[in-house]
Each structure stands twice: as structure tokens, then as C-alpha cells.
Amino acid sequence: MARMTWLQQVAHALTIAGSACLSAGLIVLSFMAFADPQGAAVHYAGVAASASAVPYVIAMGVRDLALGLATMVLAFKVPAAMRFFAPTVLVVPIGDVVTTLTHGTTLLQAAPHILGTAGVAVFVIATWLDPALDFPNGLTEPFAKDANRDST
């Protein structure tokens, strides 16, 4: 790999930090949802959950645990896949912002979702600028290792 530019070095550092923060943050959120759904609801919706809403808070914890573990596994095992995985993860915090803002929370209560969305968006951009995530043989490599070879 050629010498990285300043921007690529920053992108690489943000990719590493973003992978760690996203996976750890989501896993911590999930544990909070499992341990104290009422309290975790404040982090998700800005207000404590009613008794009937607790199962939905736990379901959001399961979602966050799955995304956190997937982020961790991909970052360690197939880092280049983060270019495709991170944008799909970005849908979740965007949905959380829209959901919280359209169901009675204030901008201040939605601020953690807004800041989280901004952080994930920066992470997405960093993954596309980080040359360390380039596949050596193009985008087909992890799916069909010999796809770029002539069959003759």
C-alpha cells in the first residue's frame, strides 16, 4: 500500500475508533436495556417506559446487542466489509431520531440520538476514505476469491 495522505490517516484512525466505539457502545446499551429496561428507556426515548413498553425496550436491547457484536466481528475478521455494513447500521440511529422526534420528545431529549447519528455518519465516511479497507482484488474478493482470474 502506498503512503497514506493526511486525510487517509485520519480516516484510518476514525475507522478504528469508530469500530471500537460503535461495537462497545451498542453492547453497553443492550446490557442497560436488559438490566434496567425502565431506566434504559430514558436513553432510547427520553422518558421512562410504561410497563407495557418494557418488552419493546428489551427488543431494542437485543437489536443493539446484535449490531454491536456484528460490528465487532466484522471489524476483526473482515474489516473491508465495514464499508458496506456501516451504512446499513446508519439506518438505525436515523430511525431512532425520527421516532423520538415524532413521538413527543424535545430536541434536547433526542440529542443523544442526533449525536450518535452524526458519529455513525462520520464513521461511514471514514470507512470509504480509509485505504486499509481496500480489497486487493476489487470488491468481489471476500465473496469469490478467484473471480478476477481468467478461466482459461
Side-chain angles (χ1 to χ4, degrees), residues 4 6-135 138-145 147:
M4 289 195 286
W6 176 84
L7 180 62
Q8 291 171 326
Q9 290 174 355
V10 169
H12 183 65
L14 287 172
T15 297
I16 292 169
S19 296
C21 290
L22 184 62
S23 60
L26 288 168
I27 291 169
V28 167
L29 278 175
S30 72
F31 290 157
M32 289 170 50
F34 301 147
D36 179 18
Q38 293 283 345
V42 175
H43 296 285
Y44 286 112
V47 294
S50 65
S52 63
V54 166
Y56 297 102
V57 175
I58 294 170
M60 291 175 79
V62 172
R63 172 199 74 179
D64 289 347
L65 180 61
L67 289 173
L69 291 172
T71 300
M72 185 186 310
V73 169
L74 286 175
F76 281 113
K77 294 295 187 181
V78 192
M82 294 304 289
R83 283 186 174 167
F84 305 98
F85 181 69
T88 63
V89 171
L90 182 58
V91 172
V92 173
I94 289 171
D96 288 347
V97 168
V98 171
T99 301
T100 56
L101 287 176
T102 57
H103 287 86
T105 60
T106 65
L107 275 175
L108 186 59
Q109 290 171 317
H113 293 296
I114 295 167
L115 293 173
T117 301
V120 176
V122 168
F123 174 57
V124 167
I125 293 166
T127 63
W128 283 95
L129 295 175
D130 184 356
L133 299 185
D134 290 345
F135 290 126
L139 296 178
T140 59
E141 174 152 356
F143 306 107
K145 200 165 194 138

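The chain is numbered in sequence order, starting from 1. Since we're looking at a predicted model, the values are computed, not measured.
Between V28 and M32, some side-chain heavy-atom pair lies under the 4.5 Å cut-off. For the pair R63/V92, a side-chain contact is recorded, criterion being any heavy-atom separation below 4.5 Å from C-beta on. Residues T71 and M82 are in side-chain contact: their nearest non-hydrogen atoms beyond the backbone lie under 4.5 Å apart. Residues L65 and L26 have side chains not in contact (no heavy-atom distance under 4.5 Å, counting atoms from C-beta outward). Contact check for V54 versus Q38: side-chain heavy atoms found under the 4.5 Å cut-off. The shortest distance between side-chain heavy atoms of I114 and L107 falls below 4.5 Å.
Listed here is the closest heavy atom pair of G61 and S30: O-CB, 3.0 Å. P37 and V57 make their closest contact through O-CG1, 3.5 Å (heavy atoms, listed as atom of the first residue, atom of the second, distance). Shortest non-hydrogen contact noted between A40 and A33 is CB-CA, 3.6 Å. Between R83 and D130, the closest heavy-atom pair is NH2-O, 2.8 Å. Of all non-hydrogen atoms in L14 and F123, the two that sit nearest each other are O-CD1, 4.0 Å. The shortest heavy-atom contact between L133 and P79 is CD2-O, 3.4 Å.
W128 and F84 have their aromatic ring centers within a separation under 6.0 angstrom.
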### Query
For V10 and M4, what are the C-alpha separation, side-chain angles and deciding distance, and is it a side chain to side chain contact (heavy atoms under 4.5 Å, CB included)?
CA-CA 10 Å; V10 169; M4 289 195 286; over 6 Å; no
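Atom CG of L22 sits about 11.0 Å away from atom CG of L74, to the nearest 0.5 Å. Here the CG atom belonging to L90 is positioned 6.5 Å from the OG1 atom belonging to T117, to the nearest 0.5 angstrom.
Looking at T99, V97, L101, V98 one by one, the single match for side chain to side chain contact (heavy atoms under 4.5 Å, CB included) with H113 turns out to be V97.
By the 6.0 Å contact criterion, CZ on F34 is enclosed, its count of non-hydrogen atoms from other residues, nucleotides or ligands being greater than 12.
At distances below 3.5 Å, at least one donor-acceptor pair connects side-chain atoms of T105 with backbone N or O atoms of T100.
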